[in-house]
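Below is one structure, written out as structure tokens; the observations come after it.
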Amino acid sequence: MELAVLKYNGEDTGRKVTLSDDIFAIEPNDHAIYLDVKQYLANQRQGTHKAKNRNEISGSTKKIKKQKGTGGARAGSIKSPLFRGGGRVFGPVPRDYSFKLNKKLKQLARKSALTYKAKENSVMVLENFSFDAPKTKTYIAMLNGLSLSDKKTLLVLPEVSKNVYLSSRNLQKAKVMAVENVNTYELLNADNLVLCEGSVSMLETLLLK
């Protein structure tokens, strides 16, 4: 698959770049995508939720009424889960939601996501660029030049560029990341994938090794 290389203002450079069929034209594996996205979202969870059991509630353990003869159900401690302010039965406790996936499966998931983007003609390639200073207006002008101002975009840079990242940070639909941090969730969450020229070869190195 060949794509024209554009300048960040949308002008054609006259060059073309070839996207590897081993990454952008495979048979997508939906289950691999599901597992990788599930792992990504699980890793975002803090897992700090906590509810108090009856042994952690402050209160008297004295039997609150006699066992028989009251006409009501028997009751013991005021800390019983049956009473308002009592402990909770099987409440949430801090836990780690993360789980392991094999490297090959994660690579397959990313390649499947990239293939879907290529099939949708949602991939663009820009020549490598950087900003002299963080400026949101400059990033907006770039999106306007690429006709992507109303789209969710993911810009993949060959390496971290602080000025480009800061320029996009205040835009709700814009996401910028280095190629080494690309993940299946962000690929699928974006309407359009914008790759820098240097990112293409780095993707091949990361996903084909």
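Heavy-atom basis, side chains included; hydrogens, waters and symmetry copies ignored.
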| Going by distance alone, is a donor N or O of one side chain under 3.5 Å from an acceptor N or O of the other, for N163 and Y139? | no
| Spatial distance of atom NZ (K151) from atom CG (L146) [nearest 0.5 Å] | 13.0 Å
| task | Check whether V156 and L207 end up in the same hydrophobic cluster, where Ile, Leu, Val, Met, Phe, Trp and Tyr are linked by side-chain heavy atoms less than 4.5 Å apart. | result | yes
| Which pair of heavy atoms, one from I78 and one from S60, lies closest together, and at what distance? | CG2-O, 3.5 Å
| message | What I'd like to find out is whether the side chain of S112 reaches to under 4.5 Å of the side chain of I33, using heavy atoms alone. | response | yes
| said: Distance check, rounded to the nearest 0.5 Å: L6 atom CG versus E197 atom CD? | reply: 10.0 Å
| Would a hydrophobic clustering, with Ile, Leu, Val, Met, Phe, Trp and Tyr connected at side-chain separations under 4.5 Å, put M202 with L208? | yes
| said: Closer than 4.0 angstrom, basic N to acidic O: yes or no for K79 and E56? | reply: no
| query | In terms of ring plane angle, is the pair Y97 and H49 parallel, tilted or perpendicular, where the classes change at 30° and 60°? | reply | perpendicular
| Heavy atoms, side chains only, cut-off 4.5 Å: are Y116 and L193 in contact? | no
| note | Closest heavy-atom pair, G91 versus A51, reported as atoms and distance to 0.1 Å, is CA-CB, 4.2 Å
| Are any of the side-chain heavy atoms of S77 and R54 separated by less than 4.5 Å? | yes
| request: Return the minimal non-hydrogen interatomic distance between S130 and S161, and the atom names on each side. | output: CB-OG, 4.4 Å
| message | Does K63, at its NZ atom, have more than 12 non-hydrogen atoms belonging to other residues, nucleotides or ligands within less than 6.0 Å? | response | yes
| task | Walk me through it: do F131 and K135 pass the test side-chain contact (heavy atoms from CB on, under 4.5 Å)? | result | CA-CA 8 Å; F131 292 163; K135 197 88 171 174; 5.9 Å; no
Got a list of side-chain donor-acceptor pairs under 3.5 Å for residues 168-181, not counting sequence neighbours?
{"from": "S168", "atom 1": "OG", "to": "Y165", "atom 2": "O", "distance (Å)": "2.9"}
{"from": "K173", "atom 1": "NZ", "to": "D150", "atom 2": "O", "distance (Å)": "3.4"}

| Side-chain (N183) to main-chain (Y185) donor-acceptor, under 3.5 angstrom | yes
| query | Should V17 and F24 be counted in the same cluster of Ile, Leu, Val, Met, Phe, Trp and Tyr side chains packed under 4.5 Å apart? | reply | yes
| said: I'd like to know if the side chain of T205 reaches the main chain of S201, judged simply by a donor and an acceptor atom lying under 3.5 Å from each other, with no hydrogens or angles considered. | reply: yes
| message | Tell me whether F90 at atom CZ has more than 12 heavy atoms from other residues, nucleotides or ligands lying less than 6.0 Å away. | response | no
| Roughly how far, to the nearest 0.5 Å, is CG of D191 from CD of E120? | 9.0 Å
| message | Is it the case that the side chains of K152 and N189 hold a donor-acceptor pair, with the cut-off being a distance below 3.5 Å and no angle test? | response | yes
| Check: N53 side chain, N55 main-chain N or O, donor-acceptor pair, under 3.5 Å | no
| note | Between K50 and P94, the two heavy atoms sitting closest are CD-CD, 3.4 Å
| Under 6.0 Å from the NZ atom of K52, do we count more than 12 heavy atoms belonging to anything else shown? | no
| message | In this structure, would V37 and F99 fall into the same cluster of hydrophobic residues linked by side-chain contacts under 4.5 Å? | response | no
| Under 3.5 Å donor-acceptor, E2 side chain and L19 backbone | no
| Is a side-chain N or O of Q67 found less than 3.5 angstrom from the main chain of A75, in a donor-acceptor match? | no
| remark: Between T13 and V5, the two heavy atoms sitting closest are OG1-O, 2.6 Å
| Applying the 4.5 Å side-chain criterion to the ILVMFWY set and letting contacts propagate, would F83 and I57 be lumped into a single cluster? | no
| Is it true that a side-chain atom of T115 and a backbone atom of I23 form a donor plus acceptor pair closer than 3.5 Å? | yes
| message | Return the CG to CG distance between L195 and L157, rounded to the nearest 0.5 Å. | response | 10.0 Å
| query | Going by an N to O cut-off under 4.0 Å, is there a salt bridge joining K111 and E27? | reply | no
| query | Backbone N or O of F129 within a donor-acceptor pair of the K7 side chain at under 3.5 Å? | reply | no
| field | E186 side chain vs V182 backbone, donor-acceptor pair below 3.5 Å | value | no
| Residues that V194 engages under side chain to side chain contact (heavy atoms under 4.5 Å, CB included), provided they are two or more places apart | L126, L148, L155
| said: Would you say that N128 contacts P158 through its side chain, given a criterion of any heavy-atom pair below 4.5 Å between the two side chains? | reply: yes
| query | Heavy atoms, side chains only, cut-off 4.5 Å: are R74 and K66 in contact? | reply | no
| field | L187 CG to L114 CG distance, which is reported to the nearest 0.5 Å | value | 5.0 Å
| For L41, does its backbone N or O pair with a side-chain atom of R45 as donor and acceptor, under 3.5 Å? | no
| request: Would you mind reporting whether E127 and R15 have side-chain heavy atoms less than 4.5 Å apart? | output: yes
| field | Pair D96-S98, side-chain donor/acceptor within less than 3.5 Å | value | yes
| request: State, yes or no, whether a side-chain contact exists between K106 and N102 at a heavy-atom distance under 4.5 Å. | output: no
| request: Look up atom CG in N29 and atom CG in L105, then write down how far apart they are to the nearest 0.5 Å. | output: 7.0 Å
| query | Is it true that atom CG of D12 has more than 12 heavy atoms of other residues, nucleotides or ligands lying nearer than 6.0 Å? | reply | yes
| message | Less than 4.5 Å apart, side chain to side chain, heavy atoms only: is that true for R110 and D36? | response | yes
